[in-house]
*Asks:* 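Quick one: the structure is below, questions incoming.
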Amino acid sequence: MGPVDRRPEDGADPCAPGLRDVLPGLSAEEFEALKRDVAEHGVLVPVVVDAESGAVVDGHHRVRAWEELRAVGVRVPDYPRDVRRFADEDERQAFVLAANLVRRHLTRAQRAELMGRLRAAGWSLRRIGETVGASVATVHEAVRNRTPVPEQVIGRDGRSHPGGRPRTSPSLLVATRRDSERARAALLALPEDVRPQSLARAEQRAREIRYRERSEAVAAAARLAGPGCELRTGDLREVWADIASSSIDSAVVDPPYAEEHIPIFEDVGRLLARVLAPGRLAAVYCGNMHLDEELRLLLAGGLTYVWHGVNVLPGRHTRVRVRMVNGRHRSVVLLAAGAYRPRKWIHDTYVAQGRGGPETRPLHPWQQALGPVTHWVQMVSQPGEVVFDPCVGSGTTAVAALAEARRFVGGDIDPACVATARERIEAALASEAEAG
């Protein structure tokens, strides 16, 4: 029998109305046994956290034991957290009841009270019986005079039956307090019907939703001009038609490289082949999963392959499960308009600093870090030259170009991207002016 099986467990949320009267607490002996087990094995069962309030819903005694051990210098690892978003207080209490039923020795009256609460929350008689350890007839007798038949009935399989649809709470399992706060923010931003499989995916969906909402609210401006820069809003196949051929000194571009966006690489390649000066360089970010197809499309427009660079990424690996690869770099392909004309030594690797991760992308779902983009701006251009980016996103290339004494021309089909880029450019210019 393992530590999880023999561990005395803890109770319901003491702040939940009425639950403390229904579910008995741990005795002093039981809590000390729990504390000894936590000291030896750590907290093995995740502590359930409410995404909305941040409060512990289930696991108070585990947290208390962990805190007391840490306070006296016992080195126990941080406890895992199961961050859940509950639709309402009824669903929250139903979860607490179900979680504690299998861990408690209850009186007949307490069992009947729990059966009634679960029935009111929409559980089927059979599901209640199997959870409590009673027959369907016993459950029916316990609830028939105290609880009306609910409109929604959830069976033992967790699915809805003729009574209605189940209300299941979306949750994310995380390992630290920091990740718990990230999970809370992501779950609160997602629609209730979304069930993310990981924290990274939940944050990605939340960023996409927030950015889509902003895109719908921001009016498109055709052109925005400022000191040493120009921004345009529109489809890259149309909005740059008036740019003279061979008039751009260099480019740093980060197209979207999810599978559904791969065709845009051909449009980017044709545009760069036309507007770049002969022999000048473009650094194009690519996704590793479909790098072969992306490169084929870029070259189809007339560009010449020069080199393959990488950004070495810090922080956690990107787990590509379909290929069973832990990714630690991002590909940057160097391409020239026609025959390449070398002008300087190029360093093909940039090792990024810091943690990386979603917190570095607050303005756009696919925002790149400033350091690597600045490196590629330095590699493909000289001071005073024009850097071009037709997929400007949140404006990282623009900020890097201006900071490196280059001029910038770019745009995006999304008006929210252009608005964000303009705000970042104005903030960067203001900061430079303040610094003299």
Side-chain angles (χ1 to χ4, degrees), residues 182 185-191 194 196 200-243 251-265 267-268 271-272 284-287 330 356-374 377 387-403 407-431:
R182 290 169 53 193
L187 287 176
L188 292 177
L190 295 176
V194 174
R201 182 56 181 156
E203 291 182 319
Q204 176 71 21
R205 288 290 302 274
R207 288 193 298 272
E208 292 171 354
I209 290 172
R210 285 194 294 266
Y211 213 81
R212 185 167 61 247
E213 292 173 348
R214 187 180 185 195
S215 297
E216 295 170 353
V218 174
R223 294 191 184 184
L224 301 169
C229 68
E230 180 181 346
L231 294 172
R232 299 186 182 185
T233 304
D235 191 319
L236 63 84
R237 293 167 295 186
E238 303 169 357
V239 74
W240 303 108
D242 64 330
I243 295 291
V252 177
V253 190
D254 179 28
Y257 34 80
E259 187 171 5
E260 63 270 23
H261 298 306
I262 289 178
I264 199 175
F265 278 81
D267 300 323
V268 170
L271 176 60
L272 295 180
V284 182
Y285 278 61
C286 295
R330 182 159 288 120
E359 62 274 14
T360 65
R361 303 192 292 272
L363 303 175
H364 190 276
W366 308 308
Q367 181 177 340
Q368 298 294 349
L370 183 59
V373 175
T374 300
V377 166
V387 178
F388 181 49
D389 183 1
C391 304
V392 73
S394 62
T396 302
T397 302
V399 173
L402 294 174
R407 292 173 290 159
F408 176 79
V409 174
D412 204 285
I413 195 172
D414 188 341
C417 288
V418 177
T420 301
R422 181 184 185 182
E423 292 170 2
R424 292 186 70 189
I425 291 170
E426 291 174 344
L429 293 174
S431 178

*Asks:* Are Y285 and V253 side-chain neighbours, meaning at least one heavy-atom pair lies under 4.5 Å?
*Replies:* no

*Asks:* Drop me the distance from C229's SG to I425's CD1, to the nearest 0.5 angstrom.
*Replies:* 4.5 Å

*Asks:* Kindly write out the residues that satisfy side chain to side chain contact (heavy atoms under 4.5 Å, CB included) with A186, not counting sequence neighbours, or none if the list is empty.
*Replies:* A202, E203

*Asks:* Taking side chain to side chain contact (heavy atoms under 4.5 Å, CB included) as the definition, give me every residue that meets it alongside I413, ordered by chain and number, with sequence neighbours left out.
*Replies:* D235

*Asks:* Closer than 3.5 angstrom, by distance alone: can the side chain of D412 be matched with the main-chain N or O of G393 as a donor-acceptor pair?
*Replies:* yes

*Asks:* Nearest 0.5 angstrom please: D254 CG to D389 CG, how far?
*Replies:* 7.5 Å

*Asks:* Using every non-hydrogen atom in the two residues, find where P256 and H261 come nearest and quote the distance to one decimal.
*Replies:* O-CB, 3.4 Å

*Asks:* Could you measure the distance from the CH2 atom of W240 to the CZ atom of F388? Nearest 0.5 Å is fine.
*Replies:* 5.0 Å

*Asks:* Mind listing the closest non-hydrogen atom pair of R232 and V418 along with its distance?
*Replies:* O-CG2, 3.6 Å

*Asks:* Heavy-atom distance under 4.5 Å between the side chains of S394 and T396, does that happen here?
*Replies:* yes

*Asks:* Are V239 and T233 side-chain neighbours, meaning at least one heavy-atom pair lies under 4.5 Å?
*Replies:* no

*Asks:* So, using side chain to side chain contact (heavy atoms under 4.5 Å, CB included) as the criterion, who are the partners of A400 when residues are at least two apart?
*Replies:* L370, V373, T374, V377

*Asks:* Would you please name every residue forming a ring pair (Phe, Tyr, Trp, His ring centres under 6.0 Å) with F265, sequence neighbours left out?
*Replies:* none

*Asks:* Measure across G395 and A421 and return the closest heavy-atom pair with its distance rounded to 0.1 Å.
*Replies:* CA-CB, 3.7 Å

*Asks:* Tell me every residue that passes side chain to side chain contact (heavy atoms under 4.5 Å, CB included) with E260, counting only those two or more places apart in sequence or in another chain.
*Replies:* A258

